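Each remark here refers to the structure printed beneath this line.
Chain letters run A, B, ... following the sequence lines, proteins first, then strands; residues in each count from 1. Quantities reported herein were computed from a predicted structural model and do not represent experimental measurements.
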Amino acid sequence: LQTYNILIKISCRKKQFDKANQLLNWMWKQGFKPDVFSYGTLINSLAKNGHMSDALKLFNEMPERGVTPDVTCYNILMDGFFKKGDILNAKEIWERLLKDPSVYPNIPSYNIMINGLCKCGKFDESFQIWHRMKKNERGQDLFTYSTLIHGLCGSGNLDGATRVYKEMAEDGVSPDVVVYNTLLNGYLREGRIKECLELWKVMGKEGCRSVVSYNVLIRGLFENKKVDDAISIWELLPEKDCCADSTTYGVLVHGLCKNGYLNKALSILEEAENGGGDLDTFAYSSMINGLCKEGRLDEVVGILDRMTKHGCKTNPHVCNAVINGFVQASKLEDALRFFGDMVSKGCSPTVVTYNTLINGLSKVERFSEAYVLVKEMLQKGWKPNLFTYTMLMKGLCQCDKLDMALNLWCQALEKGIKPD
RNA sequence: GUGCUGCUGACCG
């Protein structure tokens, strides 16, 4: 049985779900009754890869086949549905878990609910679940605390997040590095530098700083225009025995560019290339975007070249940045040409690609071409979003086609788009 | 050593 379960696991890791399913059926035929782990393993990787209906089907057939789903199976499904943004199904599984007399929600169940509801913007419901968790005297673990702090920061309630952090001490629980990082990030996003630095000191004293901590701090300092501080944290990394990862470089290049330090960004990128730094497409796309925004389009081709030379694949983000660079420089023909070449680079246009081009075309009143692109976008299954409508309306307003703009406005509202 | 949950980075108005 264990051997079969390991085979299932291997197939799943290779994303060969059909094969894993066959193994499951094979087991039945051979008289090895699959257990809750056989099912759990397969349901888990189906869920992780977004195949929720298949995962649900398997889950539903478990009782019929005489295998009782345990709480982990429920947890896997709830988490999977939340990660797809499918709140209704996630909640339905939760209800079934509460009703099922043979299983009880455990701490991960509550954590998944709290996290999922927060990520879907349902903060109130999430905090209700938390209260229920406390009332039931289920303990809370570190996942619970960091999830809550994350949710509270995300809902703009930093004081609430700080309170949860303080509560941990009262509960006799020491924060781990994820709890610290989450709160640190919350402070930086709200520009609360003073509190951030106090927390940073505590983290140092506790010896609780990871490379993520540094990434969070560097990103936040850049966001708050503390360029010199960000750079000196970066320069001190080696003596802190911390090794920069690809995110570090992404954050650095992005932060430097956004603050106008393009040449510094270029030199860090080059340094990383020569020194075996861990670079990925994020760093390059930040660099390319920075150059495009400054109109240094002639340098972009060279960077694109270096990017592929260093093993980083071109992706839609990169192409979109370049296309936008051309649009901003009023080089529409170049933008359209690059758009035409995207697919040969292995990139399919996204809604952002279309928005960028629609923006460029409507700025110069080439509406008929813009509408051709809108049609193409719809055909490819992309839904126009707030940006799409905004740019079309802006173009129409600029050439006094107010009636058409108003028409679009109504259409946007009908589609359920919330104007900002 | 068989399955579940938390932290950080890039593109469009």
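Contact check, A/K83 against B/G6: a side-chain N or O comes under 4.0 Å of OP1 or OP2. Side-chain nitrogen and oxygen atoms of A/Q328 include at least one within less than 4.0 Å of the OP1 or OP2 phosphate oxygen of B/G13. For B/C12, neither phosphate oxygen OP1 nor OP2 lies less than 4.0 angstrom from any side-chain nitrogen or oxygen of A/K394. OP1 or OP2 of B/C11 lies within a sub-4.0 Å distance of a side-chain N or O belonging to A/N289. Within the structure, every side-chain polar atom (N or O) of A/K313 is placed at least 4.0 Å from both OP1 and OP2 of B/A10. Taking 4.0 angstrom as the limit, A/K293 places none of its side-chain polar atoms (N or O) nearer than this to OP1 or OP2 of B/A10. An OP1 or OP2 oxygen of B/C7 is reached within less than 4.0 angstrom by no side-chain nitrogen or oxygen of A/N185. OP1 or OP2 of B/G9 sits under 4.0 Å from a side-chain N or O of A/R189.
Nearest to the side chain of A/N359, among B/U5, B/C12, B/C11, sits B/C12. In this structure, of B/C11, B/U2, B/G13, it is B/C11 that holds the atom nearest to the side chain of A/H317. Nearest nucleotide to the side chain of A/I112, out of B/C7, B/C12, B/U5: B/U5. If you check B/C12, B/G3, B/G13 against the side chain of A/L386, the one that comes closest is B/G13. Of all nucleotides listed (B/C12, B/U5, B/G6), B/G6 comes nearest to the side chain of A/V179. Distance from the side chain of A/V212 is smallest to B/C7 among B/C7, B/C11, B/C4. Side-chain proximity of A/F37 to B/U5, B/U2, B/C7: nearest is B/U2. With distances taken from any side-chain atom of A/L142 to the nucleotides B/G3, B/G13, B/G6, the minimum falls on B/G6.
Residue A/S286 is in sugar-phosphate contact alone, with no base atom involved, counting any heavy-atom pair closer than 4.0 Å across all strands shown. Using a 4.0 Å heavy-atom cutoff across all strands shown, A/K363 reaches no nucleic acid atom at all. Residue-level contact check: A/V71 touches neither bases nor backbone, having no heavy atom under 4.0 Å from any strand. A/D245 comes within contact range of no nucleotide atom at all, as no heavy-atom separation falls under 4.0 Å. Base contact: A/C73 has a heavy atom under 4.0 Å from a base atom. Note on A/S246: a base of the nucleic acid sits closer than 4.0 angstrom, heavy atoms only. Counting non-hydrogen atoms under 4.0 angstrom, A/T182 reaches the backbone sugars and phosphates but no base. Residue A/V253 is out of contact with every strand shown, counting any heavy-atom pair closer than 4.0 Å. Backbone-only contact: A/I76 has heavy atoms under 4.0 Å from sugar-phosphate atoms and none from a base. Residue-level contact check: A/T41 touches the backbone only, with heavy atoms under 4.0 Å from sugar-phosphate atoms and none from bases.
Rounding to whole angstrom units, NZ of residue A/K9 and P of B/U2 are separated by 7 Å. Rounded to whole Å, the distance from CG on A/L408 to C1' on B/G13 is 14 Å. Atoms CG (A/L199) and C1' (B/C7) sit 12 Å apart, rounded to a whole Å. Following rounding to the nearest Å, A/F143 (CZ) and B/U5 (C1') show an atom-to-atom distance of 6 Å. Atom pair A/D79:CG and B/G6:C1' shows a separation of 10 Å (rounding to whole Å applied). In this structure, the CG atom of A/L304 is 19 Å from the P atom of B/A10, given to the nearest Å. With rounding to whole Å, A/L77 atom CG is found 12 Å from B/G3 atom C1'. The CZ atom of A/R209 sits 19 Å away from the P atom of B/U8 (whole-angstrom rounding).
When all heavy atoms of A/L269 and A/A283 are compared, the pair lying nearest together is CD1-CB, 4.2 Å. Minimum heavy-atom separation, A/Y284 to A/L279: OH-CD1, 3.6 Å. Across all non-hydrogen atoms, the minimal contact from A/N44 to A/I76 is CA-CG2, 3.5 Å. Here the closest non-hydrogen pair linking A/L188 and A/L221 is CD2-N, 4.2 Å.
Between A/Y249 and A/F282, the distance from one ring center to the other does not fall under 6.0 angstrom. Centroid-to-centroid, the aromatic rings of A/Y145 and A/W130 stay 6.0 Å apart or farther.
Side-chain atoms of A/D70 and base atoms of B/G3 include a donor and an acceptor less than 3.5 Å apart. Contact of A/N315 with B/A10 (side chain to base): a donor-acceptor pair of N or O atoms is detected under 3.5 Å. Counting distance only, with no hydrogens placed and no angle test, the side-chain atoms of A/D280 and the base atoms of B/G9 include a donor-acceptor pair under 3.5 Å. Counting distance only, with no hydrogens placed and no angle test, the side-chain atoms of A/T147 and the base atoms of B/G6 include no donor-acceptor pair under 3.5 Å. On a pure distance criterion of 3.5 Å, a polar donor-acceptor pair joins the side chain of A/S285 and the base of B/A10. With hydrogens and angles ignored, a donor-acceptor pair under 3.5 angstrom links the side chain of A/D176 to the base of B/G6.
A/K91 and A/E95 are not joined by a salt bridge, as no carboxylate oxygen comes within less than 4.0 angstrom of a charged side-chain nitrogen. Of the charged side-chain nitrogens involved, none lies within less than 4.0 Å of a carboxylate oxygen, so that A/D159 and A/R163 do not count as a salt-bridged pair.
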- Query: Between A/L142 and A/V178, does a side chain to side chain contact (heavy atoms under 4.5 Å, CB included) hold up when you go through it step by step?
  - Reply: CA-CA 9 Å; A/L142 285 166; A/V178 176; over 6 Å; no
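The aromatic ring of A/F282 stacks onto the base of B/A10, its centre lying under 5.5 Å from the centre of the six-membered base ring with the two planes under 30° apart.
By the salt bridge (Lys or Arg N to Asp or Glu O under 4.0 Å) test, A/E61 pairs with A/R65, sequence neighbours left out.
Between A/Y4 and A/F32, the two ring planes are tilted [angle within 30° to 60°].
Residues from residues 213-226 of chain A that place a heavy atom under 4.0 Å from any atom of RNA chain B, listed by number: A/N215, A/V216, A/R219.
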